[in-house]
Amino acid sequence: MNTSNSLLLEIGGISVLIISESAELIAQSRERYTNFIAENLNPRIAIEVEVVSDKDMTIRADTGIVAPDGTFDRSTGIATISWHGFTGVFDVNKGTGKMRYTIHPMGLNSFLRFIYSLILLDEPGFLVHASSLIKNSRAYIFPGKSGAGKTTISQITPDRRILSDDLTLIKIIDNDCIVFGTPFWGSLAVGGENISTSVTGIYFLIKDRQNYTKKITVKQALERLLPNIVFFVKENASARQLFELCYTFVNRVPAYELHFLPEPSLWGCIDAE
Amino acid sequence: MNSTFCQNLPYGGVLMLNEYVVKNNERLSYRIIDGEAVVVNLTDSVFHTLNPVATFIWQHIDGHTMVKDIVSRISSDFDIDPFTAEKDCVEFISELVRKNLLSLSPTPVTES
C-alpha cells in the first residue's frame with residue numbers, strides 16, 4: 001500500500017490512502033506524518049492529489065484568503081473547499097476525494113483537516129483547537145485560540161506524551177470520551193503520537209499571575225468549547241450535530257478554567273484535582 | 001390587552017408585534033441547561049443564555065403561536081400583570097430579531 005506514489009495513514013482510527021503521481025509529495029508526507037503511517041489496513045478514505053504549478057490554480061496561495069470557503073451538500077454527500085492555494089472535493093458517502101494544489105506546507109494538511117472534520121461527525125467525534133497530552137496515564141485537553149498558551153503547555157510539561165499542540169481529535173464512544181493524537185501541529189512543529197485514551201479533563205487556558213484551577217459549569221464549558229470547534233462548512237444539520245456532540249462531551253468530562261503561569265509548577269493545581 | 005408598537009425592527013417600520021408569529025432562525029441550536037435555554041447562533045458560535053421567563057418564551061416560539069398568546073401564557077404562568085408580561089415579551093423578541101435569532105411573520109409559518 002505504501003509506495004513511492006501512495007501513502008497509507010491512520011488518524012483517529014480512520015485510515016486514509018493518499019495517492020499522487022508526485023513522488024516528492026509522497027516523500028514529504030511520509031516524513032510529516034511519520035507517526036501515523038499504517039500498514040495492512042483497508043483504507044476508509046482515498047484521496048487523489050494532483051500537484052500543479054501555481055499559475056494553474058484558480059486560487060493562488062497568496063490571495064490572502066483567510067477563511068476557508070467550504071461547502072457541503074448533504075443530499076449528495078459532496079463537500080468542496082478552496083483555501084490557501086488548493087481546491088478539493090470530497091464525497092463523504094464514498095470516502096473518496098480529489099485535490100489540486102501547489103506543493104505548499106498547508107495544502108494536504110488543510111485538506112485532511114477538512115475531510116476529518118466532516119467524516120468525524122458520524123463516528124461521532126470532532127476536531128477542536130486544543131493542545132492535548134497524556135501525563136501520568138491521564139489525558140488533558142487545553143482548548144484555545146492562537147496565543148492562548150496551547151504550545152506553551154506542551155513545551156513546559158515534564159514527562160508527557162504529546163497528542164497535539166494545536167488540533168485535537170475527540171470521539172464519543174459509548175459512554176466514554178476518547179482523545180486521539182493527531183499529526184496536525186501548531187508552533188511546536190512536531191506531530192503528536194498516534195495513541196488514544198479517555199479524557200480526564202478539559203482546561204480552558206487563562207494567562208494569570210498565579211496557578212489555580214476553577215471548576216466551571218456545563219453551560220460555561222459549552223460556551224467556551226464551541227468557538228474552538230474546527231468545522232469548515234456552513235450547513236445547518238452538521239452544525240446542529242456538532243452542537244449536540246459538544247453538549248454530550250461537556251456533560252461527561254469535567255471542565256475547568258486553568259489560570260496559569262508558563263512554568264511546570266502549573267501542574268501542581270491540576271494534579272490536585 | 002393593548003397592542004404593542006415596536007420600533008427599530010428590521011422591517012423598516014412600526015409593527016403591531018402582538019399580531020405576529022415568531023419563528024426560530026434555522027441556523028441556531030439550543031439546549032435547556034439548569035432550567036435556562038442556551039441558544040447558539042451556529043453561524044458565529046455566539047452564545048446566548050436566557051433567564052427563566054425568556055426561556056419560557058423561547059419554548060413557545062414555534063412559528064405558529066401568536067405573540068399575544070405567548071404574552072397571555074406568561075401572564076398566567078408567572079402571575080405577572082399583562083402589561084409587564086407584554087413589555088418583557090416584546091423586548092425579548094425584538095432583541096432576538098435584531099440578533100437574527102428570530103424572524104417575524106404575519107401568518108403562521110408553513111413547514112416546507
Side-chain angles (χ1 to χ4, degrees), chain A residues 66-75 117-118 121 124 126-130 143-146 148 167 172 202 204 215-255 257, chain B residues 10 21-65 74 77-78 88 91-93 95-105 107-112:
Chain A
V66 292
D69 181 15
T71 68
F72 176 50
D73 182 341
R74 187 165 284 263
S75 65
S117 71
L118 285 166
L121 273 181
F126 55 87
L127 296 174
V128 56
H129 262 303
K145 300 290 186 189
S146 298
L167 204 64
I172 297 172
I202 182 166
F204 294 92
K215 184 96 165 60
I216 60 175
T217 65
V218 166
K219 197 187 306 178
Q220 290 169 323
L222 186 61
E223 180 172 12
R224 291 169 201 204
L225 178 64
L226 285 172
N228 291 297
I229 296 300
V230 176
F231 202 64
F232 300 94
V233 299
K234 292 179 177 174
E235 194 260 339
N236 291 346
S238 301
R240 286 204 187 87
Q241 223 173 326
L242 266 177
F243 177 80
E244 291 300 321
L245 284 173
C246 292
Y247 179 71
T248 302
F249 179 71
V250 296
N251 265 290
R252 291 183 184 173
V253 174
E257 284 179 356
Chain B
V21 297
V22 193
K23 180 179 178 293
N24 291 340
N25 181 336
E26 288 180 355
R27 281 205 56 79
L28 59 80
S29 210
Y30 79 99
R31 275 276 183 175
I32 308 293
I33 303 175
D34 300 331
E36 295 183 340
V38 170
V39 182
V40 179
N41 185 335
L42 300 173
T43 305
D44 53 15
S45 291
V46 173
F47 203 84
H48 306 270
T49 301
L50 310 185
N51 69 25
V53 176
T55 297
F56 179 89
I57 297 169
W58 182 265
Q59 290 177 299
H60 286 80
I61 290 172
D62 55 9
H64 301 283
T65 307
I74 296 170
D77 284 38
F78 288 88
D88 287 351
E91 281 181 0
F92 168 74
I93 290 172
E95 184 183 347
L96 266 58
V97 168
R98 279 195 291 274
K99 290 178 177 173
N100 288 324
L101 296 176
L102 299 176
S103 58
L104 298 171
S105 170
T107 55
V109 176
T110 307
E111 299 297 334
S112 55

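The figures here come from the full heavy-atom set of this structure, side chains too, leaving out hydrogens, waters and symmetry mates. The chains referred to below are lettered A, B, ... by the order of the sequence lines, with proteins before strands, and numbering in each begins at 1.
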Tell me, please, which residues at least two apart from A/Phe72 pass ring pair (Phe, Tyr, Trp, His ring centres under 6.0 Å).
none

Just list the donor-acceptor pairs under 3.5 angstrom between chain A and chain B, please.
from	atom 1	to	atom 2	distance (Å)
A/Lys219	NZ	B/Glu36	OE1	2.6
A/Asn236	OD1	B/Arg27	NH1	2.7
A/Arg240	NE	B/Leu28	O	3.2
A/Arg240	NH2	B/Glu26	O	2.2
A/Glu244	OE1	B/Arg31	NE	3.0
A/Glu244	OE1	B/Arg31	NH2	2.4
A/Glu244	OE2	B/Arg31	NE	3.4

Please state whether the side chain, the backbone, both or neither of A/Leu222 comes within less than 4.5 Å of a heavy atom of chain B.
both

